[in-house]
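Encoded as structure tokens, the structure appears first; notes follow it.
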Amino acid sequence: MMLASFLLLCAYYQLKTVREPLILLEGGAEVKLYARAGQAVLMVGFVHAYGEIAKRVGRMKLLAIVFLFFISNLVVFALLARTRVPIGLAFFLWVGVFSYTAVAQFWALAADIYTEEQGKRLFPIIGIGSSVGAVAGARLAKSLVPHGPDALMTAAAVLLLVCMMLLAWVESRAGVAGGRREQSPEQQEEQPLSDEGALHLLLRDRFLLLIAAMIVLLNWVNSAGEYVFDRTILAAVTSAGVHGAAAQSFVGAIKADYFAWYNLLGMLMQLFAVSRILTRLGVRNALLFNPAFSLVGYAWAAFVPTLAAFRLVKIGENALEYSIAETSRHALYLVTSRVEKYVGKTSVDTIAVRVGAILSGVVVWVGGRVYLSTASFATINVVLTAAWIGVVLAIGKEHGRRRTESPVLLAAEPATS
């Protein structure tokens, strides 16, 4: 599982490095932000189709369908990129759907095959694979940038294929998790995962709704911060006086270096801090690290609205998100049912992310019309982060209630947690 997570994140950062210069140089920072909002429309359709498939197949068939679909798409994109067809916007939209769906599938499988006690011990270890894979992916991407977008896409497709094969092997060896299944693994795997639509499941489940609200706020803050950072990068491109291929390489190098730094810090936290935090403070308290940093960081950036300030805030924010916050967020699903793990988690991790992007896009659009300053955007993020902390506290109460009401989970949980 750790190796599979390494390959998945390594592939993602190939694609992320391709995505950034394509969308920024074809449309600019505003188009990139609006495209994030436009991904929400695709997400709704994709999640609906995903839910319909989940009604008909078991978990491994569902995972194989999702991965093969994305791998085949990458082959097409690589051919189009090689012939220099403009694909910036389409590829940006596609990467958004791919990233959250593929990662959600991986962690849904992890949450399904481990008990809560096993997950608290093993998720930080599996997360090491993600953190190291992100760093390796960013470094590899930087070396492949001169060879063109098709080289990075092809490398990502190969990595995803190997990742899918590893997950199929893991799934075939997975035992019954925590005694929560009454039927044999073989019987369970062949049964459809759900008998209701993905959106219906999300709307009737308080725990999923609270997690969705947290992710909406997280991505609202993150997208707005990314927009301001991108705007300052494009200002630097203008100041440097570079154009065309030189500008693409310029932006690509800045982004690859930025990805490498926050992933390196995230990897170090995953290696030396996440396991200790989850064990000593618990999942609920671990979720507070990310918004607490963002609250302080954006408050500082509001007073010092420079490229250097936003770069540091974004590096720290993303490092926390892709280590402590991400592992803790996935661990929340250890106390959920199987349908909540697969169908519910995919709905939350895809739609909620893009709702946050839509709201961020609205703020940027309005802010552009009233000429909001960079400091004003940072101040808005401070207010949003305070609301984010409130939602995390509500999640903690619901998480505690679920653990208390589950005899299996309660028996498996150490008294000190």
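Computed from a prediction, not measured in an experiment: that's the story for all the values here. The analysis underlying the following values was restricted to heavy atoms, covering all of them including side chains, and did not include hydrogens, waters or symmetry mates.
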Do [X] and [Y] come close enough that some side-chain heavy atom pair is under 4.5 Å?
X	Y	value
Leu80	Phe91	no
Val313	Phe229	no
Leu384	Ile380	yes
Val95	Lys16	no
Met2	Val132	no
Ser360	Tyr227	no
Val392	Trp388	yes
Val355	Trp220	no

inquiry  = Side chains of Thr379 and Ser376: any donor to acceptor distance under 3.5 Å?
reply    =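 No, Thr379 and Ser376 have no side-chain donor paired with an acceptor closer than 3.5 Å.
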query = Do you know which of Ile211, Ile389, Leu332 makes side-chain contact (heavy atoms from CB on, under 4.5 Å) with Leu287?
reply =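 Going through the options one by one, the only one that passes is Leu332.
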ask   = Among Leu167, Leu122, Ile125, which one satisfies side-chain contact (heavy atoms from CB on, under 4.5 Å) with Met1?
value =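 Exactly one option meets the side-chain contact (heavy atoms from CB on, under 4.5 Å) with Met1, and it is Leu167.
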Mind checking the [atom1]-[atom2] spacing from [X] to [Y]? Nearest 0.5 Å is all I need.
X	Y	atom1	atom2	value
Ile71	Leu160	CD1	CG	5.5 Å
Ile395	Leu288	CD1	CG	10.0 Å
Ser294	Leu320	OG	CG	7.5 Å
Gln270	Leu268	CD	CG	10.5 Å
Phe77	Thr154	CZ	OG1	13.0 Å
Ile65	Met164	CD1	CE	11.0 Å

Heavy-atom donor-acceptor pair, [X] side chain to [Y] backbone, under 3.5 Å:
X	Y	answer
Ser275	Pro124	no
Thr327	Ile324	no
Ser99	Gly96	yes
Arg276	Phe272	yes
Asp112	Ala108	no
Ser323	Met269	no
Thr336	Tyr333	yes
Gln14	Gly137	yes
Ser131	Ile128	no
Asn381	Val221	yes

CA sep, side-chain torsions, deciding dist, call: Leu152, Leu15, side chain to side chain contact (heavy atoms under 4.5 Å, CB included) = CA-CA 7 Å; Leu152 288 110; Leu15 304 177; over 6 Å; no
request  = Take Arg329 and Met214 through the side chain to side chain contact (heavy atoms under 4.5 Å, CB included) test and state the conclusion after the steps.
outcome  = CA-CA 10 Å; Arg329 188 168 71 248; Met214 177 184 69; 3.8 Å; yes
request  = Assign the ring pair His399 / Phe207 to parallel, tilted or perpendicular, where the plane angle (0 to 90°) is split at 30° and 60°.
outcome  =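 It falls in the tilted class, 30° to 60°.
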task = Look at the aromatic rings of Phe310 and Tyr298 and report parallel, tilted or perpendicular, splitting at 30° and 60°.
result =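 Tilted, since the angle between the ring planes falls between 30° and 60°.
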Could you tell me which non-hydrogen atom of [X] sits nearest to which non-hydrogen atom of [Y], and how far apart they are?
X	Y	result
Ala134	Leu9	N-CB, 3.8 Å
Leu140	Cys10	CD2-SG, 4.5 Å
Ala319	Leu265	CB-CB, 3.8 Å
Phe69	Ser72	O-OG, 2.7 Å
Cys163	Phe67	SG-CE2, 4.1 Å
Val382	Ala299	CG2-N, 3.5 Å

key: More than 12 heavy atoms of other groups within 6.0 Å of Trp261 CH2   =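 Open.
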ask   = So Glu321 and Asn222, side-chain hydrogen bond (donor to acceptor under 3.5 Å, both in side chains) or not? Walk me through it.
value = CA-CA 10 Å; Glu321 180 180 348; Asn222 194 290; 2.9 Å; yes
key: Check: Tyr262 ring centre within less than 6.0 Å of Tyr258 ring centre   =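 Yes.
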message = Between Arg311 and Asp230, does any side-chain N to carboxylate O distance fall below 4.0 Å?
response =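 So Arg311 does not pair with Asp230 through a salt bridge.
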query = After noting the C-alpha distance and the side-chain angles of Met153 and Val75, does the key distance pass the side chain to side chain contact (heavy atoms under 4.5 Å, CB included) rule?
reply = CA-CA 8 Å; Met153 293 175 186; Val75 173; over 6 Å; no
query = Could you walk me through whether Leu93 and Val97 pass the side chain to side chain contact (heavy atoms under 4.5 Å, CB included) check?
reply = CA-CA 7 Å; Leu93 294 171; Val97 176; over 6 Å; no
